[in-house]
Each structure stands twice: as structure tokens, then as C-alpha cells.
Asks: 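Pasting a structure here, questions to come.
Note that the coordinates shown come from a computational prediction; the quantities given were computed from them, not determined experimentally. When reading the values below, keep in mind they use all heavy atoms of this one structure, side chains included, and skip hydrogens, waters and symmetry mates. Chain naming here is simple, since letters A, B, ... match the order of the sequence lines and numbering starts at 1 in each.
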Amino acid sequence: MNNPLYQKNIISISDLSREELELILTTAQSLKHNPQPELLKDKIIASCFFEASTRTRLSFATAVQRLGGTVIGFDNAGNTSLAQKGETLADSVKIIASYADAFFMRHPQEGAARLAAEFTNIPVINGGDGSNQHPTQTLLDLFTIYETQNRLDNLNIAFVGDLKYGRTVHSLAQALSLFNCNFYFISPEALAMPDYILEELNEKGINYSVHASIEEVVDSLDVLYMTRVQKERFDETEYQHIKSAFLLNADMLENVRENLKVLHPLPRVDEININVDSTPYAYYFQQAQNGIYARQALLALLLTNHFQDQA
Amino acid sequence: MQHKLQVEAIQHGSVIDHIPVQQGVKIIRFFNLTQTDEKITIGLNLATHTGQQKDLIKVENTFISDEQANQLALFAPRATINQIKNFKVVHKFQVQLPDSFIGVLACPNSNCISHHEPVDTRFYVKKKSTLKLKCHYCEKTFDHSFFRELD
């Protein structure tokens, strides 16, 4: 059976259909339980970080190596021709892509991955372009929800923290809008979900509501997705006043649903108290590990046309 | 009753009619119509049959292409274009907002990659009624008031 993602680019989560998302998630699950250490043994993957990243870069490199592939690339654009000699990104991509079978990139400017894909014929995977998209993060989030809830449809999901600037929550809400979930948005008023996301949800007929604190809704949730409210966006007095509404501690989880899972894209600061770590609801560290399987799934599907038949 | 033309008729060329007030001068500037040697007549704040006001532009010996007509829709979504030959209207059509604009507008997002690379900008029309455009590269959606060229 041909797979619809073979040789495709993964630039924006909204480029993927519900069926394609489901294919990636079931492939991630398959690879988690049945490792394929030789699947990419003849493949070279370019991993180009024009902007620093630790977890995404290490997770991606691990994913390639666990599938038997080889990684080339750089983790800092400072030493590249792009920075040193003024080469355009378009030229850099053309050259590097001629050495490799797939191109994974992070870049500080929005639209860089879309542009890169127009200058090469190998699959481009967006590892984050400025404040725009980070689809592999969204895929690992979706995989974690799917793994812990056994479905993506009709879930009650709360997003907490910085909903205005957090690209993670924007992309996840956009992806989950294909699955008819109920959303609860909990943030300081100044960091509320942007209008364009709410308009998209309205157009799709998705139920959502806005709340002032986690406690208002926590007992009816399947997934509690926490993010950090950045202190630097407020003055000190205002921050001390508002922050308690957006912090989670174990006492707040006494009457929650058994299947509740608390997720976080990490790194956390103080928005999840460490006393939550030992509860059965904490799943953020497993979520980070799932990044490896989500990225393996993408590589497997982009680079092998008949992966499902082999698995 | 004697009728009097508000703006002198032209022999050959195009008449862009039903331009919202304030937009006529912007159109002249956007299409670089001041760079041509052809005779151009501009009418600002002209009265319409319904008692409202409009702008109007007449350009002699110039016929507006479909692509230009589409771009006109950025300023005047309900404008009509009359093509004149020997003082007669030989073709009349309304401009239509296209699905996308390529290489016409700069992205209002200063951190968009399109500012730094050898590519044409591309915007998709998201909402025709209030003219919202989404950048192909940075994926941000902007109201028309964000575009310097349309200001």
C-alpha cells in the first residue's frame, strides 16, 4: 500500500489531513513497540539548526540513529557560509539537500521551512520557524494524547498559561479541531488565545470556553496542557497577583478523572509543582520521550513508501 | 434638462469607475500611473446617482489587463472597468478579488523570511468581505490596513 506522506514536506500542522495525522500516530505507536533499527540504514538526514535548540535537536538525532540512519548538519548557524559569507538560505538549502535524503531544520524566521521546501526535491521537516510552526512538537503532543486516552475524538482538553504567544498551543488546538474536542482556555487576560485561532474554531463549529482558573474545570478534564506564563511579560506586582491561578499542584488533583493526564512542552519553571510529578496524572516526561517516536514515524513515512507493509 | 459630464470623455483607453473615495490617489500611486506620458484624468469625490461619492480614473490609450484589474480589487473591490474605443464603451467588467496575490505586496511581518530571500511574496485571500490576506510563508493573516502599499 502506498503511503500518502512518502516524500512529502512537513511544514505546518494545518497541511496535514485527519487521515495523515492518524497514520503518523499509529506509525509512532508501532515504532515504540517494534523498533526498526535498520529501517534507514542507507539514509543520510541533514539536521540544520540555524537557531539553537537542545531538546528538539537531540530528540531528532536520536530518532534518526534509532532507525539506523546517519545525521549530518550543524547546531549553530554562526559557523556556516550563511552567516559568514552572506549566502542566502535558498542556496544553502540547495547545496545541503544535494547531500542528504531528508532535511530537518529550525530557523529563527517565520516561513523559512516553507521557503526551503521550494528549493529542494527532498522532504523538508520544519523543526520550528520563528513564532510560526513547530509541527513535530504538535505530533508528539497528539501522539501522547492518543497513547494515554486511546482516542483523539471528543476529549475535554484545557490549555493553560501563555496562550497568546505560545505556538505550541496554537498548533495543537488547530490539529485537535479535526477531532471534535471541547477546549477550555485558561490564561491571564493579556495572554488570551488570539482572535484568528478563535475564528478558525468558530468556523469549524468547535466548542470552547474561557476560564479564569484551573480549578474551575479541572475535575471534568481528560487532558490538562500546561504552559509557562512568562514573568517578563508582567510587572512584578501584577505577576505575583495573577500567577497563582495558573499554577498546578497535587492538591488540585484530588477529584479529577482517573484518565486525566497533565502535559507540558517543557521546560517548566514553577507552573507545575514538583509534587505533581509523583501523581499518576503527570505525563510530561513521557511526553518529551515520545518526541523520538513521533519523529521516527515521520522519517519512516517520508522515506519509505511501503513502511506499513514492513512493520 | 441639460446633462453635463463631470469628467471629460476619452477617445481610447480605460475608465476605472466606482472607486471608493480616498482610494483614487492610492491607485494612481500603486500602479505608478504618474510615470506614463498618456493623458490621465482623475475625478475625486464625484457624485453618484444614489447621492453618494466616488473616485474615478480615466487613462488614455491604455487597456487594463486582467491581472491589473485583480490588483485593483485591493483598493476598490466593486470598481468597474470600461474599455473605450472611439468614444464608445466596447467592454465593461467588474474587478474581481483573486484567490491570491503574487509579488504585489510586502509582508507586514518584519520577521517573515520573504524579506530576506529571492522569492516573490504570496498572499491568499482569506476573507473577501473585509479583505484579510494570509502570507504563504509566515502563515500570518493580516487585515488590509496592515499593508503599507494599501495605506
Side-chain angles (χ1 to χ4, degrees), chain A residues 9-16 48 50-51 77 82-83 86-94 105-120 124 126 128-135 138 164-165 167 170-171 173-175 193-204, chain B residues 20 23 26 30 66-67 70-71 73-78 96-151:
Chain A
N9 302 306
I10 305 296
I11 308 298
S12 172
I13 202 72
S14 51
D15 296 341
L16 295 166
C48 298
F50 299 89
E51 177 185 62
L82 193 82
E87 186 176 47
T88 62
L89 175 64
D91 280 2
S92 296
V93 169
K94 271 187 215 166
M105 65 179 285
R106 168 169 288 195
H107 196 282
Q109 287 175 318
E110 290 98 45
R114 178 86 60 198
L115 180 134
E118 292 172 358
F119 287 89
T120 172
V124 173
N126 185 4
D129 60 327
S131 66
N132 184 31
Q133 284 275 327
H134 189 3
T138 310
K164 182 174 182 182
Y165 297 102
R167 65 181 175 191
H170 301 165
S171 299
Q174 286 172 316
M193 202 58 130
D195 286 345
Y196 79 91
I197 297 279
L198 299 181
E199 280 173 23
E200 280 183 37
L201 299 178
N202 287 335
E203 282 168 18
K204 291 178 181 169
Chain B
Q23 300 298 313
K26 290 181 192 171
F30 183 79
D66 287 349
E67 191 185 346
N70 288 342
Q71 292 174 12
L74 285 169
F75 302 89
R78 277 182 280 279
Q96 288 199 328
L97 209 52
D99 294 332
S100 64
F101 289 96
I102 297 173
V104 179
L105 302 165
C107 185
N109 171 14
S110 60
N111 201 41
C112 177
I113 195 75
S114 63
H115 292 290
H116 309 280
E117 294 288 322
V119 289
D120 281 334
T121 61
R122 191 180 313 169
F123 289 90
Y124 302 108
V125 176
K126 294 295 287 178
K127 203 170 187 181
K128 294 202 173 187
S129 53
T130 52
L131 192 55
K132 287 195 172 184
L133 302 172
K134 182 177 181 179
C135 175
H136 168 71
Y137 290 104
C138 73
E139 302 187 30
K140 298 200 183 317
T141 300
F142 302 97
D143 185 82
H144 73 285
S145 62
F146 281 80
F147 291 89
R148 199 169 18 91
E149 300 88 337
L150 306 183
D151 191 18

Asks: First locate atom OG of Ser100(B), then atom CZ of Phe123(B), and finally report the distance between them rounded to the nearest 0.5 Å.
Replies: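 If I round to the nearest 0.5 Å, the distance is 11.0 Å.
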Asks: Side chain, backbone, both or neither: which part of Lys132(B) has an atom under 4.5 Å from a heavy atom of chain A?
Replies: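 For Lys132(B), side-chain heavy atoms alone lie under 4.5 Å from chain A.
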Asks: Heavy-atom distance under 4.5 Å to chain A: side chain of His136(B), backbone, both or neither?
Replies: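 Both backbone and side chain.
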Asks: If I take atom SG from residue Cys112(B) and atom CD from residue Gln109(A), how far apart are they, to the nearest 0.5 angstrom?
Replies: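 Reported to 0.5 Å precision, the distance equals 8.5 Å.
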Asks: Find the distance between CZ (Phe147(B)) and CG (Leu133(B)) and round it off to the nearest 0.5 Å.
Replies: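 Answer for the CZ-CG pair, Phe147(B) versus Leu133(B), is 4.5 Å.
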Asks: Please confirm whether the ring centroid of Phe101(B) lies under 6.0 Å from the ring centroid of Tyr124(B).
Replies: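 For Phe101(B) and Tyr124(B), the ring centres are not under 6.0 Å apart.
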Asks: Does the salt bridge (Lys or Arg N to Asp or Glu O under 4.0 Å) test come out yes or no for Arg114(A) and Asp15(A), once each step is laid out?
Replies: CA-CA 11 Å; Arg114(A) 178 86 60 198; Asp15(A) 296 341; 3.1 Å; yes
Asks: Under a 4.5 Å cutoff for heavy-atom pairs, which residue among Asp91(A), Leu89(A), Asp129(A) has the most contacts with chain B?
Replies: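 The candidate making the most pairs under 4.5 Å is Leu89(A).
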Asks: Look at Ala113(A), Gly130(A), Ala90(A) and state which one has the largest set of heavy-atom pairs under 4.5 Å with chain B.
Replies: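 The answer is Ala90(A).
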Asks: Taking side chain as everything from C-beta outward and backbone as N, CA, C, O, which of these in Glu199(A) sits under 4.5 Å from a heavy atom of chain B? Side chain, backbone, both or neither.
Replies: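 Just the side chain, heavy atoms under 4.5 Å.
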